[in-house]
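Both ligands and their constituent atoms are indexed starting at 1 by order of listing.
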Amino acid sequence: MTTFSKGLEGVVAAETETSYIDGTAGILEYVGIPIGELASKSTFEETVFLLWNRRLPTKTELASFTSELRSRYELPEGIAGRIKHLPKDAQPMHMLRTMVSALAMHDPSPNDNTVEAARDKSLNILAQAPSIVACFDRHRRGEEFVKPDPSLSFSENFMYMLNAKKPTPAMARAFDICMITHADHGLNNSTFAARVIISTLSDVYSALTGAIGSLRGPLHGGANEGVMRMLNEIDSVDDAEAYVMGKLERKERIMGFGHRVYKAKDPRATELMALAKQLADDTGNTDLYLKSHAIEEIMEREVASKGIYPNVDFYSATTYHCIGLKLDLFTPMFALSRIAGWAGHVIEQLGDNRLFRPTVNYVGPHDAPYVPIDQR
Ligand code: SDX
């Protein structure tokens, strides 16, 4: 019997070629390419191809892949119709989890989990999840849906469907960098959930629905919303010290900091910090960046020695805010991007599957008597 590792800390539960993390050095690579290279030189669509094919596409392959993805933005009528009947106060992550699950009912062969079928379904979900989020947000605002524009990239089309106007190139690029940096990250909780589900030879919809459920948690993808709420609670940069010290003294978690694997600054936080600063200056939100930077300096002084540094969520909050996204859409943005990673791991799991079934140390009683109810 191997020793029990709570939370499976340090346990190797799969092998992957999609992403590599060195938590000590603060390194993240997608198929060997450093995240900083991809954030500055690639696009999200190209990154998805990389994750699903474990190599960069040729120009022809990229054109064909993006054309196929963009041709699938349109929602099935039944899905658009369902969205119109959803409660307007539904929480977006509960909505997204529900509607991705509902997509299975508009697929003629939802249970087909050959690797090719999994790719095809994953492409559908990747293309349609942004349309679902955009349509729901317009529904809750009482506005008409915007038809997708297949001439637009993944990021451009999402922002177009959300706002009924095309984003500036700078805003579309900023969103694309967010999508690139959130796309995959080893065996994080939601990716593990997706692998566990598909390992029963269940289906892609079930695997990604479970992953969305996991990502909503504040210890995982939900942290970016927590960061924004924290920044809103801090009136000014000068109040950051008292706010952070108070939380640390009360042993409360500072959202956007700490990581099971990174014991150095998350390289995605470095990329997103630069983006957040630029966007904050461009959109009159400099105070958000200054508060974030002050919090980072305080945490560096107080807890860096414990290996607690900013993670991907810390500066993504300011970035999403400056792009103009509502706070309760921050975690859904994480999900839109991570569909790429979840699908990459589902495809990998199907390619060399073994049912996940760990064991437990039973620590309860043995040979216990069955006491009749009138004697209890
Ligand atoms: C993501 O796994 C992934 O790769 C996830 C992710 C991805 O791309 O998929 O990177 C995305 O989920 C990033 C993490 C987002 N979550 C948060 O920002 C929430 C706040 N962070 C923490 O709750 C925490 O850091 C975790 C959950 C992220 C990791 O926790 P661990 O590895 O279980 O560490 P732990 O809870 O055992 O904490 C170790 C110590 C404790 O102190 P002591 O009890 O030993 O004195 O560090 C302290 C904790 O109190 N600590 C924090 C802290 N995080 C850990 N103290 C203050 N603020 C924090 N944020």
Requested in this report: Please state whether Glu9 comes within less than 4.0 angstrom of ligand 1, counting heavy atoms only.
Outcome: no

Query raised in the report: Quick check: does Arg268 get an N/O under 3.5 Å from an N/O on ligand 1?
Result: yes

Query - Glu252 N/O to ligand 1 N/O under 3.5 Å - result: no

Query - Contact bool for atom 34 (O) of ligand 1 (protein heavy atom, d < 4.0 Å) - result: no

Can you list, pair by pair, the side-chain donor-acceptor contacts under 3.5 Å of residues 160-175, counting residues two or more places apart and other chains?
from   : atom 1 : to     : atom 2 : distance (Å)
Asn163 : ND2    : Met159 : O      : 3.3
Thr168 : OG1    : Met171 : N      : 3.1
Arg173 : NH1    : Ser42  : O      : 2.9
Arg173 : NH2    : Ala39  : O      : 2.7
Arg173 : NH2    : Ser42  : O      : 3.1

Query - N or O contact, Leu248 vs ligand 1, cut-off under 3.5 Å - result: no

Query raised in the report: Based purely on interatomic distance, does Lys263 place a nitrogen or oxygen under 3.5 Å from a nitrogen or oxygen of ligand 1?
Result: no

Query raised in the report: If we only count N/O pairs under 3.5 Å, is Gly221 in contact with ligand 1?
Result: no

Query raised in the report: Would you say the ring centroid of Phe356 lies under 6.0 angstrom from that of Phe192?
Result: yes

Query raised in the report: Touching ligand 1 at all, Lys251? Heavy atoms, strictly under 4.0 Å?
Result: yes

**Report entry** Atoms of ligand 1 close to Ala223 [distance to a heavy atom under 4.0 angstrom, numbered from 1]
**Finding:** 15 (C), 16 (N), 17 (C), 18 (O)

**Report entry** Side-chain donor or acceptor of Asp112 paired with backbone N/O of Thr114 under 3.5 Å
**Finding:** yes

Query raised in the report: Taking both backbone and side-chain atoms of Asp313, is any N or O found less than 3.5 Å from an N or O belonging to ligand 1?
Result: no

Requested in this report: May I ask whether Pro218 places a heavy atom under 4.0 Å from ligand 1?
Outcome: yes

Query raised in the report: For Gly256, is at least one N or O under 3.5 Å away from an N or O on ligand 1?
Result: yes

Query raised in the report: Measuring to protein heavy atoms, does anything land under 4.0 Å from atom 37 (O) of ligand 1?
Result: no

Query raised in the report: In the protein, which heavy atom is nearest to atom 51 (N) of ligand 1, and how far is it?
Result: Ile308 CD1, 3.5 Å

Query raised in the report: Does the protein place any heavy atom closer than 4.0 Å to atom 13 (C) of ligand 1?
Result: yes

